[in-house]
2 protein chains.
Amino acid sequence: MKDAMTPATTIERLPIYYRCLQKLDRMDVDVISSKDLGERIGIPSTQVRKDLSYYGEFGRRGVGYEVPVLLKHLRKILGLAQEWEIVLVGAGDLGHALSKYGGFKKLGLNINHVLDVDSDKVGSKLGDVEIQHIDELVDVVKENNVDIGIIAAPGDYAQEIADELVGAGVKAIWNFAPARIKLPPEIELRNEDLSIGLISLAYHLSRK
Amino acid sequence: MKDAMTPATTIERLPIYYRCLQKLDRMDVDVISSKDLGERIGIPSTQVRKDLSYYGEFGRRGVGYEVPVLLKHLRKILGLAQEWEIVLVGAGDLGHALSKYGGFKKLGLNINHVLDVDSDKVGSKLGDVEIQHIDELVDVVKENNVDIGIIAAPGDYAQEIADELVGAGVKAIWNFAPARIKLPPEIELRNEDLSIGLISLAYHLSRK
DNA sequence: TAGATTGTTAATCGATTAACAATC
DNA sequence: TAGATTGTTAATCGATTAACAATC
């Protein structure tokens, strides 16, 4: 666990570097300096170098960073070099939107299981994945060693679903329901609170 | 603009206070201390007091904060005391999910206009709002003095849509498309990058 | 008055940035 | 060698927290 003292802010920037590098790679750029990379994403070159320095020495002095090399290192650092088993709970509008979202596949992250309460939906497909009934939750998680659970269900059920997922062995939860949930500290939890983005726009607009 | 030196982190916490207070108000709690409020949301009492102090003195020493009073102040501070005109561009799965999302209405934020490219969708309703064709974008924005634009369209069109919205007079953009867009600095912009949440879970899981 | 809690100052902690030796 | 750029140390900046006088 070398990230004991890696700033949280550094970790948030790594995906941004990663995606910029993916783009550069597709453009067949093979070397990039911290200055150029930083300019593309609005981050000072010295911060780019400092962030990367928490994980190793990936560049060459006087030259810069080889795009494919840095990309490979970042893929490993970000945990994208391995396969993750991901279950989506809730096949409503948001569930559909998430499963179709272009950003995940590009990263090699696939939602491999989908659950819903509605028996009528069971058996139909969401993308490549067949929807299963939520009663199968524990079985699906246990049999497939599911790592990550995504909750796209109504707020009232979020805590209950989260507890069941964790009980069955899920180690990380991404909660889109408009309700904060609480879990033991060893479980990774992101409460994705969509209203905050909109409030923050209203806040800034109202003082102009 | 009293927030010249208000930390960005404070602004991010204000919505969290707001929603906790809304809940307390519904529970008919009428006074709360910074300590109790902080405990409910996992923030130290001293930070709660410091954050509020950027905007005024809302509590009574020895007593605490009157919930309805603080709520009213926060509503004003957050810009929720006024009506905002909001247009959603894209009535796909994500658009549907956003328009149904429970969190916004609770805050008094309503999506009042919806646009889509698909002529077949035009005329049908998304919630209470009739879908209009995207060709009407400029007219809709100008006639209604739309303040905020939400982009829930494919990544390839995001920049183009954003430019049109801004050209027509929109002052803030919330972009859900998996593509970073760039706008003049006077426009408030949130790039809501959904992949970052998932990557960050993978990152933390992979080093346990 | 005694107990509680605010608002704010000062101390601490953590993250960003500037500067520069190392080296390609 | 001269120019460029890294990796890292030290200085700066900004945010959090501790402490406490003010006051209900």
Side-chain angles (χ1 to χ4, degrees), chain A residues 1-17 20-21 24 29-74 77 196 200 203, chain B residues 1-17 20-21 24 29-74 77 196 200 203:
Chain A
M1 292 244 288
K2 53 182 150 188
D3 73 342
M5 57 336 191
T6 306
T9 43
T10 291
I11 296 165
E12 283 167 30
R13 281 187 296 267
L14 295 178
I16 302 170
Y17 300 149
C20 186
L21 286 161
L24 289 164
V29 176
D30 42 43
V31 173
I32 190 143
S33 67
S34 57
K35 186 160 166 289
D36 287 349
L37 180 57
E39 270 166 15
R40 282 170 178 277
I41 54 189
I43 289 175
S45 68
T46 136
Q47 182 136 74
V48 173
R49 297 202 298 282
K50 176 115 260 233
D51 284 341
L52 295 175
S53 77
Y54 290 106
Y55 302 95
E57 305 191 3
F58 306 127
R60 265 197 297 164
R61 290 161 197 245
V63 180
Y65 300 88
E66 276 181 54
V67 174
V69 172
L70 186 50
L71 208 40
K72 205 170 166 185
H73 282 292
L74 277 175
I77 292 166
I196 286 180
S200 128
Y203 172 89
Chain B
M1 291 242 290
K2 51 183 152 189
D3 73 343
M5 57 339 191
T6 306
T9 43
T10 291
I11 297 165
E12 283 167 31
R13 279 187 297 266
L14 295 178
I16 302 170
Y17 300 151
C20 187
L21 287 160
L24 289 164
V29 175
D30 41 44
V31 172
I32 190 144
S33 68
S34 58
K35 188 162 164 287
D36 287 349
L37 181 58
E39 271 167 14
R40 282 171 178 279
I41 54 190
I43 289 175
S45 68
T46 137
Q47 182 137 72
V48 172
R49 297 202 298 281
K50 176 113 260 233
D51 285 341
L52 296 174
S53 77
Y54 290 107
Y55 302 96
E57 304 190 3
F58 306 127
R60 266 197 296 162
R61 289 162 197 244
V63 180
Y65 300 87
E66 275 181 53
V67 173
V69 171
L70 187 50
L71 209 39
K72 205 171 165 184
H73 283 293
L74 276 176
I77 293 167
I196 287 179
S200 129
Y203 172 88

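Heavy-atom basis, side chains included; hydrogens, waters and symmetry copies ignored. Just so we're on the same page: letters track the sequence lines, and every chain starts at 1. What you see is a predicted model; the values in this text were computed from it and never measured.
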**Prompt:** In residues 32-47 of chain B, which residues come under 4.0 Å of DNA chain C by heavy atom?
**Reply:** B:Ser33, B:Ser34

Considering all heavy atoms of both residues, which atom of [X] and which atom of [Y] are nearest to each other, and what is their separation?
{"X": "A:Gln47", "Y": "A:Tyr17", "result": "O-OH, 4.0 Å"}
{"X": "A:Val31", "Y": "A:Val63", "result": "CG1-O, 3.9 Å"}
{"X": "B:Tyr203", "Y": "A:Tyr55", "result": "OH-OH, 2.6 Å"}

Rounded at 0.5 Å granularity, tell me how far [atom1] in [X] sits from [atom2] in [Y].
{"X": "B:Ile41", "Y": "B:Leu21", "atom1": "CD1", "atom2": "CG", "result": "8.0 Å"}
{"X": "B:Cys20", "Y": "B:Leu74", "atom1": "SG", "atom2": "CG", "result": "11.0 Å"}
{"X": "B:Ile77", "Y": "B:Ile11", "atom1": "CD1", "atom2": "CD1", "result": "11.0 Å"}
{"X": "B:Ile196", "Y": "A:Leu14", "atom1": "CD1", "atom2": "CG", "result": "10.5 Å"}

**Most 5' of A:Arg49 and A:Ala8 on DNA chain C, judged by nearest nucleotide** = A:Ala8

**Message:** I'd like the 5' and 3' limits of the part of DNA chain D contacted by chain B, with heavy-atom contacts below 4.0 Å.
**Reply:**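 On DNA chain D, the outermost contacted nucleotides are D:dA15 to D:dC24.
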
**Close side-chain approach of B:Leu70 and B:Ile32, heavy atoms under 4.5 Å** = no

**Request:** Determine whether A:Leu24 and A:Leu71 make a side-chain contact, defined as any pair of heavy atoms from C-beta on separated by less than 4.5 Å.
**Result:**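 When only atoms from C-beta onward are counted, A:Leu71 and A:Leu24 do not touch, as no gap falls below 4.5 Å.
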
**Prompt:** Can A:Leu37 and A:Tyr65 be said to form a side-chain contact (heavy atoms from CB on, under 4.5 Å), step by step?
**Reply:** CA-CA 10 Å; A:Leu37 180 57; A:Tyr65 300 88; 5.8 Å; no

**Fill in**
Those residues at least two apart in sequence (or on a different chain) that pass salt bridge (charged side-chain N to carboxylate O under 4.0 Å, His left out) with A:Arg13 are A:Asp51

**Asked** DNA chain D in dot-bracket, Watson-Crick or G-U pairs under 3.5 Å, [ ] crossing, | other strand?
**Response** ..||||||||||||||||||||||

**Request:** Can you run down the side-chain hydrogen bond (donor to acceptor under 3.5 Å, both in side chains) pairs that involve residues 29-38 of chain A, sequence neighbours left out, and say none if there aren't any?
**Result:** A:Ser34-A:Arg49

**Prompt:** Where along residues 60-71 of chain B does a heavy atom fall under 4.0 Å from DNA chain D?
**Reply:** B:Arg60, B:Arg61, B:Gly62

